[in-house]
Amino acid sequence: MNAFWVTLSASVILILSIASLPLLNSNNANHFTFADLLNWRSCSFLNEVADLLVTNGTIYTSDDTLPFADSMAIRNGRILRVGSYSFTKALTRPWTKELNLDGKIVVPGFIDSHVHFIPGGLQMARVELRGVNTKDLFVDKIRKAVANMKQGSWLLGGGWNNDIWGGDLPMASWIDSITPHNPVWLTRMDGHMGLANTLALTLAGISRINENPNGGAIVRNNDREPTGLLIDSAMKLVLPHIPDASVDERREALLRASDHALKRGVTTVVDFGRYFPGSLPEYPWQDFSDVYKWADLSGNMMTRVCLFFPMETWPRLVDLMSKSGRVLSQWIYLGGVKAFADGSLGSNSAWFHEPYADDPNNYGLQVVDLDGLYNMTLSSDKSGLQVSIHAIGDRANELVLDMYASLASEKRNRDRRFRIEHAQHLAPGTVARFGEQSLIASVQPDHLLDDADSATKKLGSERAERGAYLFKSLLTNNAQLAFGSDWPVVDINPLKSIRTSMKRIPPRWEKAWIPSECLCLKDALKAYTISAAHACFLDKYVGSLSPGKYADFVVLSTSSWEDLATEVSADVEATYVGGSMAYSIKPDVKRE
């Protein structure tokens, strides 16, 4: 018994002695703080030794219990401690590596809440029409691309935005003379409209006698001849005739996409896959099997992904989750299901209560049967899946809000985290419902840069300013904001999107569009980090620099929080995933 008490006493003395060392070090200005003591409970002090110490910077954690720190201790890719230098240094040994930030700002790895990851990687190898601002340049891009192609092969590309060259929609006649032997398919930047040349229309059997499919439209001239433009579900008339990208091409696309995301500080993406109106619901499942599982098993995953699948395939996802759970590895997470309620503003297919100002007979498109959408949503929800629905117009958003409300009334206790993707245009009175119903508004700030001019034209200035991109109002009404890009619709660039949400100044504008909706830096950062993680049930693993979570973080090029908060004048200097460097702006530094 005496031996027991001697051993116990010695152990207590040892623990207290070790714990006291940093406090007794009068030469170290970075002494223990009350916040350090709060963090103590999260660590196994005697058993954990850090293999990496990140120090001498301003670390913004996105964790309200300790918003800022100067050091962070990491082991095996996870965070052990965050706090002062003394507090974290206590977990180091002579072999622990140290990353000196030289005063730079660190933020959690960005989470892009809405991407089409493999399509984005594929687009990087195709004809890029983003930023083309004249008809002549549009045609010249196609002429150069087709010059070295074999006859009969499809020319694919996308990213065009007719609003930046004056609004005229492109037509097959623009490019027919330079593509007589090659079918062409060029998607608009929003993915809800595409241009086919006459050869592609012929291969697809599209002529003046075709009727518009449900949820789509074939654009015609005054003689009812197709112009080459297909909107939303009408795209399915052409898409089956385009050869699918090979497995190797899609795997290469994932690697390209991952490299691109890491350069922008994105460490996790919520991937909605190759799923657009008119596309086959099988495509995201093919990419899951052929690409993501391959990358995981072969060690080629570089970013974490949360996968959403077409809602019509919900039984398949339920079956997969019952066998494997939601977490397949540290890289791959199963998210939920997605459906569409309408189209897009730029394609005049977003669904509104009032008609388009520039098209008085058009209210937009309801791209899915409402009974079918409700039944699929009900089944998905009852099976425990997270549900996400695309809604851009005010009528589409109200429809989805009503649907979610009716589902939630059946089981009040479950944590559903229903999502509305985009939530771009909201009717008066609907903003408060996001908070009341505990909904996720998954929004894309950089869309407003392209939409500011077109929304004014298509909706009228008063109507556009009343309900467009209401980020601040949504937060004020207790909605959960999750930021993303919708890449490849717009580029992956969280720092640019954060600046957009804070400034809201479109190209060629001098003033903010709806300045009352501007956010502060912390709200914008949270929408790209911890709120984005919460929005896809990953807040246990990522989203903040907190003990126990993955050490995914971004080193910025600035050391001034004030400059960042006012101008967001910073670049990504380095990106770390699981405590390992995945990207560095310095060319002589290799990925770990």
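All residue numbers refer to positions in the sequence shown, counting from 1. When reading the values below, keep in mind they use all heavy atoms of this one structure, side chains included, and skip hydrogens, waters and symmetry mates.
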Taking the six-membered ring for Trp, are [X] and [Y] parallel (under 30°), tilted (30 to 60°) or perpendicular (over 60°)?
| X | Y | result |
| --- | --- | --- |
| Trp561 | Tyr60 | tilted |
| His425 | Tyr469 | perpendicular |
| Phe288 | Phe309 | perpendicular |

Any carboxylate oxygen within less than 4.0 angstrom of a Lys/Arg side-chain nitrogen, looking at [X] and [Y]?
| X | Y | value |
| --- | --- | --- |
| Glu354 | Arg466 | yes |
| Asp453 | Arg508 | yes |
| Asp64 | Lys526 | yes |
| Asp102 | Lys104 | no |
| Asp381 | Arg414 | yes |
| Glu398 | Arg433 | no |
| Glu128 | Arg126 | no |

Original post:
Quick one: are Gln123 and Trp487 in side-chain contact, heavy atoms under 4.5 Å?
Top reply: no
**OP:** For residues Leu401 and Gln437, determine if any side-chain heavy atom of one lies less than 4.5 Å from a side-chain heavy atom of the other.
**Re:**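 A side-chain contact under 4.5 Å exists here.
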Is it the case that [X] places NZ or CZ above or below the six-membered ring of [Y], under 6.0 angstrom from the centre and within 45 degrees of the axis?
| X | Y | value |
| --- | --- | --- |
| Lys338 | Phe308 | no |
| Arg264 | Tyr583 | no |
| Arg256 | Phe117 | no |
| Arg395 | Tyr363 | no |
| Arg504 | Phe471 | yes |
| Arg81 | Phe87 | yes |

Subject >> Ile59: which of Leu545, Asp70, Val107 passes side-chain contact (heavy atoms from CB on, under 4.5 Å) >> reply: Leu545
**OP:** Could you go through the salt bridge (Lys or Arg N to Asp or Glu O under 4.0 Å) check for Asp450 and Arg130 one step at a time?
**Re:** CA-CA 11 Å; Asp450 296 307; Arg130 189 189 313 275; over 6 Å; no
Subject >> Steps toward side chain to side chain contact (heavy atoms under 4.5 Å, CB included) verdict (Phe272, Ser388) >> reply: CA-CA 10 Å; Phe272 290 91; Ser388 176; 3.9 Å; yes
Original post:
Where do Val266 and Tyr528 land on the side chain to side chain contact (heavy atoms under 4.5 Å, CB included) test, with the steps shown first?
Top reply: CA-CA 9 Å; Val266 173; Tyr528 253 120; 5.8 Å; no
Subject >> Residue among Asp342, Asp232, Asn362 satisfying side chain to side chain donor-acceptor pair (under 3.5 Å) with Ser349 >> reply: Asp232
**OP:** Please assess Thr88 against Val54 for the test side chain to side chain contact (heavy atoms under 4.5 Å, CB included), listing each intermediate value before the final yes or no.
**Re:** CA-CA 9 Å; Thr88 54; Val54 181; over 6 Å; no
Original post:
Atom CZ in Phe434, atom CG in Asn397: separation rounded to 0.5 Å?
Top reply: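 One finds 5.0 Å between CZ of Phe434 and CG of Asn397.
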